[in-house]
Amino acid sequence: MVFQRYRRGLFITAFLAAPVTLYLVYVISPYIQAFYIAMTDWRGVSATPRFIGFENFARLFSDGIFWKAVRHNAALLVLLPLLTIVIALFFAFLLNVGGGSGGLSGIRGSKLYRVIFFFPQVLAVAVVAVLFQQVFRPDGSGMLNGPLMALGAKPVGFLSNPDVAFWSVLGVMVWQAVGFYVVLFSAGLASIPRDMFEAAQIDGAGRGSLFFRITLPLLWDTVQVAWVYLGILALDVFAVVWVMTDQHGGPDFSTTVMAAEIYRNAFSYFRFGYASALGVVMFFFTVGFAIISLRLSRRERIEY
């Protein structure tokens, strides 16, 4: 018996040695290097960067552009998951439960609509950013400003007006993300027994009650996961801001985010130590958000 346990432990150790080693080398090791570089004045060229301790972090917290980026990430952290989940839940419920006679079947052509909703998800983020650059063009060739100008209205500076640019970025991110979560919530709805909806309908429940008393509680675990993923996306957003906006986060840093400032400081200003300090702060923001979200949204699982 002891020998068998020894062989089993040896087998498990040998089986896990390769993946654990790869994880340590390619995941944990870069994190440690980033933490070290954040405490240096390294500019990407010297072989031995000078250690400066927490100077980069002190400079970071007195940087107005950094706080602008934090505010934008914080706004995205709240608005992107909220808007995406609300819109995706509405369409998923409509496609699977909210249509047809009696409100217990999806609308006609729901399978086709799922494909249409999911289509933006298959596009690369950079492609989406370039696409919406053309949609938001400030002249008559823009998809939005063209009709406005044809009606005699003034064009809207979707990407050139600091008061509007951030909301344009948010709209693009919601547009791209909604389709995936429509499909995700639709899969969750398909696993809910129809008997539950039929029983509730017999008791006189309307569509609102079907959604809030049956659909949402039974999809809560899926909504929780979606919120965490969307929150991480909101913190890690880079391509849309960098490709679509003027001055890569403009105008006047009105759309900049932490990821854009990391890239700008590293590869435009060659301040790799300062950029690493930004990355460390962003790392703790992301991990902290995930832990807090999972704890706050924890609840007992509803069995069905």
Side-chain angles (χ1 to χ4, degrees), residues 22-40 54 56-86 88 121 124-126 128-129 166 169-170 172-174 176-178 180-181 184 220-245 248-249 253 255-267 271-298:
L22 290 173
Y23 186 81
L24 290 172
V25 171
Y26 293 106
V27 178
I28 302 300
S29 176
Y31 282 149
I32 296 173
Q33 293 178 41
F35 294 156
Y36 170 72
I37 293 173
M39 296 185 180
T40 69
F54 291 96
N56 283 326
F57 293 96
R59 177 183 174 189
L60 185 69
F61 290 112
S62 62
D63 187 348
I65 296 175
F66 165 75
W67 288 112
K68 278 189 176 183
V70 170
R71 286 195 296 270
H72 296 152
N73 274 119
L76 290 173
L77 190 60
V78 175
L79 296 174
L80 178 61
L82 181 62
L83 293 175
T84 302
I85 290 174
V86 168
Q121 194 66 32
V125 180
V128 172
F166 173 80
V169 171
L170 175 63
V172 172
M173 294 181 66
V174 171
Q176 189 192 24
V178 159
F180 175 81
Y181 292 97
L184 180 66
W220 186 256
D221 288 344
T222 308
V223 171
Q224 177 186 16
V225 172
W227 189 281
V228 173
Y229 283 172
L230 285 165
I232 293 174
L233 174 64
L235 288 171
D236 198 31
V237 58
F238 171 74
V240 171
V241 171
W242 194 263
V243 176
M244 188 177 74
T245 61
H248 308 304
F253 298 101
T255 58
T256 193
V257 290
M258 285 191 284
E261 290 308 310
I262 292 172
Y263 187 92
R264 193 192 318 275
N265 279 279
F267 299 106
R271 299 188 299 209
F272 286 89
Y274 189 70
S276 295
L278 275 163
V280 170
V281 173
M282 184 175 170
F283 168 79
F284 284 111
F285 277 178
T286 305
V287 173
F289 164 77
I291 293 173
I292 292 172
S293 296
L294 290 173
R295 288 192 174 275
L296 291 179
S297 58
R298 180 181 297 172

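Numbering starts at 1 and runs along the sequence shown. Values reported hereafter were calculated over all heavy atoms of this structure, with side chains retained and with hydrogens, waters and symmetry mates removed.
Atoms CG and CG, on Leu77 and Leu82 in that order, are 11.0 Å from each other to the nearest 0.5 Å. Expressed to the nearest 0.5 Å, how far CZ of Phe285 lies from CG of Asp236 amounts to 14.0 Å. One distance of note links CG of Leu170 with OG1 of Thr255; it measures 12.0 Å at 0.5 Å rounding.
Counting heavy atoms from C-beta on, the side chains of Phe66 and Met258 come closer than 4.5 Å. Between Trp227 and Ile85 the shortest side-chain heavy-atom distance falls below 4.5 Å.
Contact record, Val228 with Phe289: O-CE2, 3.6 Å, taken as the closest heavy-atom pair. The two atoms that bring Asn56 and Ile37 nearest to each other are ND2-O, 4.4 Å, heavy atoms only. Shortest non-hydrogen contact noted between Asn73 and Ala234 is ND2-O, 2.8 Å. For the residue pair Ala34 and Ser276, the shortest heavy atom distance occurs at O-CB, 3.6 Å. Considering all non-hydrogen atoms of both residues, Gln121 and Phe180 come closest at OE1-CB, 3.4 Å. The nearest pair of heavy atoms linking Ala177 to Leu230 is CB-CD2, 4.0 Å.
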Between Leu184 and Tyr181, is the side-chain contact (heavy atoms from CB on, under 4.5 Å) condition met? List the steps. CA-CA 5 Å; Leu184 180 66; Tyr181 292 97; 3.8 Å; yes

Begin from the C-alpha positions of Met173 and Leu76 and carry the test side-chain contact (heavy atoms from CB on, under 4.5 Å) through to its verdict. CA-CA 9 Å; Met173 294 181 66; Leu76 290 173; 4.2 Å; yes

Check step by step if side-chain contact (heavy atoms from CB on, under 4.5 Å) holds for Trp67 and Val70. CA-CA 5 Å; Trp67 288 112; Val70 170; 4.2 Å; yes

Show the numbers, then the answer: is there a side-chain contact (heavy atoms from CB on, under 4.5 Å) between Val281 and Phe57? CA-CA 9 Å; Val281 173; Phe57 293 96; 4.2 Å; yes

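Within a 6.0 Å radius of OH in Tyr229, other residues, nucleotides and ligands contribute 12 heavy atoms or fewer. Around the CZ atom of Phe61, the shell of radius 6.0 Å holds more than 12 heavy atoms that belong to other residues, nucleotides or ligands.
Between Trp242 and Phe238, the angle of the ring planes stays under 30°, which puts this pair in the parallel group of the 30/60° scheme.
Residues passing the side-chain contact (heavy atoms from CB on, under 4.5 Å) test with Asn265 are Glu261, Tyr269, Arg271, Tyr274, Ala275, Leu278, sequence neighbours excluded. A search for side-chain contact (heavy atoms from CB on, under 4.5 Å) contacts involving Val27 returns Tyr23, Tyr31, not counting sequence neighbours. Applying the side-chain contact (heavy atoms from CB on, under 4.5 Å) criterion to Val125, with sequence neighbours excluded, gives Gln176, Ala239, Val240.
Between Phe267 and Phe272, the distance separating the two ring centers is shorter than 6.0 angstrom.
Checking side-chain atoms of His72 against main-chain N and O of Thr256 turns up a donor-acceptor pair under 3.5 Å. Without hydrogens or angle criteria, Ser62 side chain to Arg59 main chain gives a donor-acceptor distance under 3.5 Å.
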